[in-house]
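Worksheet: the structure to be examined is printed underneath.
Because the structure is a prediction, the values reported are computed rather than measured. So that the names make sense, note that chain A is the first sequence line, chain B the second, and so on, each numbered from 1.
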Amino acid sequence: MPEDLTFQILDVSYEVEAGRPVIEIWARDDKGRRIVLLDDSFRPYFYALLEEGQDPSAVSAAVRRLSKPRSPITGVDLVEARYFGRPVKALRVQTVIPETVRDYREEVAKLPGVKEVLEADVRFSIRYLIDKNLYPMRWYRASGERVQRNDFVVDAVYKLSSDLAEEPSLADVDPLEGLRIMAFDIEAYNPQGSPNPSRDPVVVIGMAFNDGEKVQLQAKGHDDKDVLREFVELVRRKDPDIIVGYNQNSFDWPYLLERAKVNGLKLEVGRKRGAEPSPSVFGHISVQGRLNVDLYNFAEEIEEVKVKSLDEVADYLGVMPKDKRVNIEWWKIAEYWDSPERRGLLLAYNVDDVTSTLGLAYQFLPFGAQLSQISGLPLDQVAAASVAFRLEMRFMREARKLGELVPNRKEEEARAFETYTGAIVLEPKPGVHKDVAVLDFASMYPSIMVKYNVGPDTLLKEGERCERENQAPGVGHRFCADRPAFFRRVLERFLKWRAEVKAAMKKYPGGSPQYRLLNERQRAIKVLANASYGYMGWAAARWYCKGCAESVTAWGRELITKAVSIARSLGLQVYYGDTDSLFVANEPEKVSRLIEEITKGLEFDIKVDKVYSRVFFTEAKKRYAGLTADGKIDIVGFEAVRGDWSELAKETQANVAEIVLRTGDVRKAIEYVKAVINDLRSGKANVEKLVIWKTLTKGLDEYEAEAPHVYAARMMEKLGFKVDVGSKIGYVIVKGEGPVSRRARPYFIVKPTEIDYNYYIDKQVVPAALRILELFGVSERELKSGARQASLFDYLGKKGG
DNA sequence: CACTGTGGCCGTGGGG
DNA sequence: CCCCACGGCCAC
């Protein structure tokens, strides 16, 4: 007897059973049960695009002849579709085993009459979601027949006996409500630098659940067998739907898996018997039936935090202030573990980490769930996927709805390195300026794409004609305006959708859960819409179109250039501008005229984004600091906002900017800098504030130049620490002879007395301060002179007479 | 397997 | 000494 089911899709996977693929929909139903719905009716397929004028039946017969018994070709159907907006004929080739699509595609591509093989690289479970128009984290209804299955660790398994229909009454319910969340964090023994999983045990595993329970497992000395066993047991008992961690895809899971192997155990933490976590797409690790979300992926998108360690990110988000938690030096975990007096600190540290991780989940998952509902990628994958992939997934769904075939991603070698001209940055007018308005074009690039109907499907080849055409200035590309471009349709849908969500938000009070839910939704839509221009210029994109991206920037340059002319013709002083922004004198009447002329004359939306009561520029572009009308200091581009300068230099520069902007008192700023220099000279500085952080962007042996952070990284490696591509290297400069890079040391091996304070004066604090003070005629000598304390030599000299 | 684009600044090393 | 490429990060 089929039952009616109402459920939320969490994830989709598949398994080949008895020679046929079976889709597994992991869900939870409205009664709070965890269920699996099986669908054995779906089959993998791909398209063979036919050469023009080809006889489909001849090609079809050739395709059928390729059929192999292991996974026969079960269907070859002629379809009339569109490809880049043009009508085409294609064969839809269906088989049985998803993995064999790869082999068939190669062979079919070689057949005469076949121009291209399409959509053969879409993964089977994603294919299912797209074709059935299903979105993870949304609610559906369907009927299913209960079946007995012992290989799934869930409350019930059903065989689907109907299609899935979206349940609209649950569309605006918080998708995370009622889901069980577990945060975890492991501490590994590291007596020799970085821990080595084949040698060093896991000494602590902390877990925190959203029902309030917290558990901490501890090794017996250096034996972690029971820890691992208990961990598996606990995960199964608590049965979380979502597992969160911080960097667990790169560290905790691989480490636990290796430890399990060493101990002869199996890490069966999924909802499928016998299965261990396994590597999946985008560097993500998949735990069957659960959503394994690495929160580090979300943290990476917070650009305000430069060193994205868990404590820094949790501090920034107000989840756990750094001064209210236990901080221990991570490279000394083994010492803490082995010391009876200090072990307690390590345990407390682990509790704080895992508590922070759960706190981050509450911050990030609502947005992640919306991204999942909108892009169509399961929550765990959407976290790990880049913005471009999230957008592309949505494009693939839109393409299907419009009967468009999805283009292939270009092969690596075919991707030519093609650059094109970007935006205009105006020369700033150096000096301090009073009362400046900053105007901003609203979503300039997406607006251009919509207005001029830009896209690979509308880009006209030489000789092609359309009744209405838009020609990009300077670069010559023409776009057909007779039919709506694919990008335009998608973007307009995004814009309309976002407007609806924003309108709905108004119905709820600001802090309410509904308001926050909708706010996350409109943010997710905006993020996707804003990525569309960059996506077109990305050589690996399925809808890559260099001419399109080139045209968008050309129209952008024209737009800002025209806006500048209008401003000048109105007698408005223009101070600066970058891409889509314009800094002009804040004369309200003229500014309103400017906005009106741009809006009506150029047909683009522009608005006053902010007003600075004072703002200053040096001669450098992309750098300025301002005091807003409501009393806030903005620092843009300068060292103070960069992650690769010492905290001390950044702090000094920020304070100088603030003194100058608020009081206009340059003398005061000079005195302040002198005091900082004095402190440094007397060795009073906090060593932590002298650390310089830089990312290793390639392997250590690939560097041509010996930069300081590369030298420090090599040193770390010799000391037994793992340094991978992407690691942030923190170093300080010590006294001694030779080039700076030879004097760079990993910050955690340096004693305060070894530090070269002169380096920090000459190359950090003074240049950062001067960047601003030079504008007021202050010299390096002036900053350093008065600050010079009697040196030991002077002192002795005087004394000795 | 990948992991959006161009414009811009500036410290540093290394060659002449 | 100058000059320029390398390298990293930031603005938009």
Side-chain angles (χ1 to χ4, degrees), chain A residues 121 279 281-284 297 300-301 303-304 306 381-392 409-413 415 418-428 438 440-441 443-445 527-546 548-550 552-554 556-557 560 576-582 609 618-624 634-646 649 692-698 702-711 726 728-729 733 738-744 759 762-764 767-768 771:
Chain A
D121 56 350
V281 287
F282 317 123
H284 161 251
N297 296 139
E300 274 181 308
E301 291 167 24
E303 69 239 18
E304 291 87 345
K306 311 298 175 187
Q381 289 180 39
V382 88
S386 73
V387 173
F389 274 98
R390 294 169 186 166
L391 181 66
E392 188 160 82
R409 193 163 292 139
K410 270 206 265 176
E411 295 297 323
E412 192 103 26
E413 13 357 312
R415 280 180 221 156
E418 311 171 295
T419 56
Y420 58 91
T421 311
I424 286 182
V425 186
L426 305 180
E427 285 297 338
V438 184
D440 252 322
F441 282 98
S443 314
M444 187 202 244
Y445 286 170
V527 165
L528 289 190
N530 284 347
S532 54
Y533 150 75
Y535 174 85
M536 283 192 313
W538 177 38
R542 290 177 188 274
W543 279 272
Y544 171 58
C545 177
K546 185 202 154 199
C548 301
E550 196 171 31
V552 169
T553 55
R557 292 193 297 274
I560 192 161
Y576 178 62
D578 184 350
T579 312
D580 59 354
S581 70
L582 220 47
D609 185 50
T618 64
E619 288 187 351
K621 296 172 173 180
K622 299 203 179 269
R623 298 186 152 202
Y624 56 89
D634 272 353
I635 299 184
V636 179
F638 284 115
E639 286 74 8
V641 296
R642 295 179 62 94
D644 56 351
W645 279 70
S646 67
I692 299 166
W693 294 91
K694 276 199 169 96
T695 310
L696 223 50
T697 59
K698 45 187 169 184
E702 292 168 62
Y703 280 93
E704 285 179 39
E706 186 93 336
H709 72 299
V710 179
Y711 190 83
K728 278 252 190 220
I729 308 296
I733 303 300
V740 174
S741 56
R742 290 299 167 93
R743 295 188 283 122
Y759 172 84
D762 296 339
K763 301 293 182 181
Q764 290 275 323
R771 203 83 66 208

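Listed here is the closest heavy atom pair of A:Val552 and A:Tyr533: CG1-CD1, 3.9 Å.
Ring planes of A:Trp543 and A:Tyr535: tilted class, angle from 30 to 60°.
Aromatic ring centres of A:Phe638 and A:Trp645: separated by at least 6.0 Å.
Within 6.0 Å of CD on A:Glu300 lie more than 12 heavy atoms contributed by other residues, nucleotides or ligands. For A:Lys728, the NZ atom counts as densely surrounded, since its 6.0 Å shell holds more than 12 non-hydrogen atoms of other residues, nucleotides or ligands.
Whole-Å rounding puts the A:Glu418 CD to B:dT6 P distance at 10 Å. One can place CD of A:Glu300 at 15 Å from C1' of B:dT4, the figure rounded to the nearest angstrom. Look at CE on A:Met536: it is 13 Å from C1' on B:dT6, rounded to the nearest Å. Taking atom CD of residue A:Glu550 and atom C1' of nucleotide B:dT4, one finds them 17 Å apart after rounding to whole Å. For A:Phe389 and B:dC1, the CZ to P distance is 11 Å, given to the nearest whole Å. Atom CH2 of A:Trp543 and atom C1' of B:dG5 are 19 Å apart (whole Å).
Using a 4.5 Å heavy-atom cutoff, the side chains of A:Asn297 and A:His284 are not in contact. Inter-residue side-chain proximity for A:Asp580 and A:Tyr445 is flagged as unmet; no heavy-atom pair is nearer than 4.5 Å.
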Discussion item. So if I define the base as every atom that isn't primed, P, OP1 or OP2, how would nucleotides 5-12 of chain C read as a B/S/- string at a heavy-atom cutoff under 4.0 Å?
Written reply: -SSBBSBS
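No contact: A:Ala531 has no heavy atom under 4.0 Å from any strand. A:Gly534 comes within 4.0 angstrom of a nucleotide base, judged by non-hydrogen atoms across all strands. No contact: A:Val387 has no heavy atom under 4.0 Å from any strand. A:Tyr445 comes within contact range of no nucleotide atom at all, as no heavy-atom separation falls under 4.0 Å. Heavy atoms of A:Arg771 sit under 4.0 angstrom from primed sugar atoms or phosphate atoms, though from no base atom.
If you find the closest nucleotide of DNA chain B to A:Tyr535 and to A:Thr421, the one lying nearer the 5' end belongs to A:Tyr535.
Checking B:dT4, B:dG11, B:dG5 against every side-chain atom of A:Tyr759, the shortest atom distance belongs to B:dG11. When distances are taken from the side chain of A:Pro739 to each of B:dG13, B:dA2, B:dG5, the shortest belongs to B:dG13.
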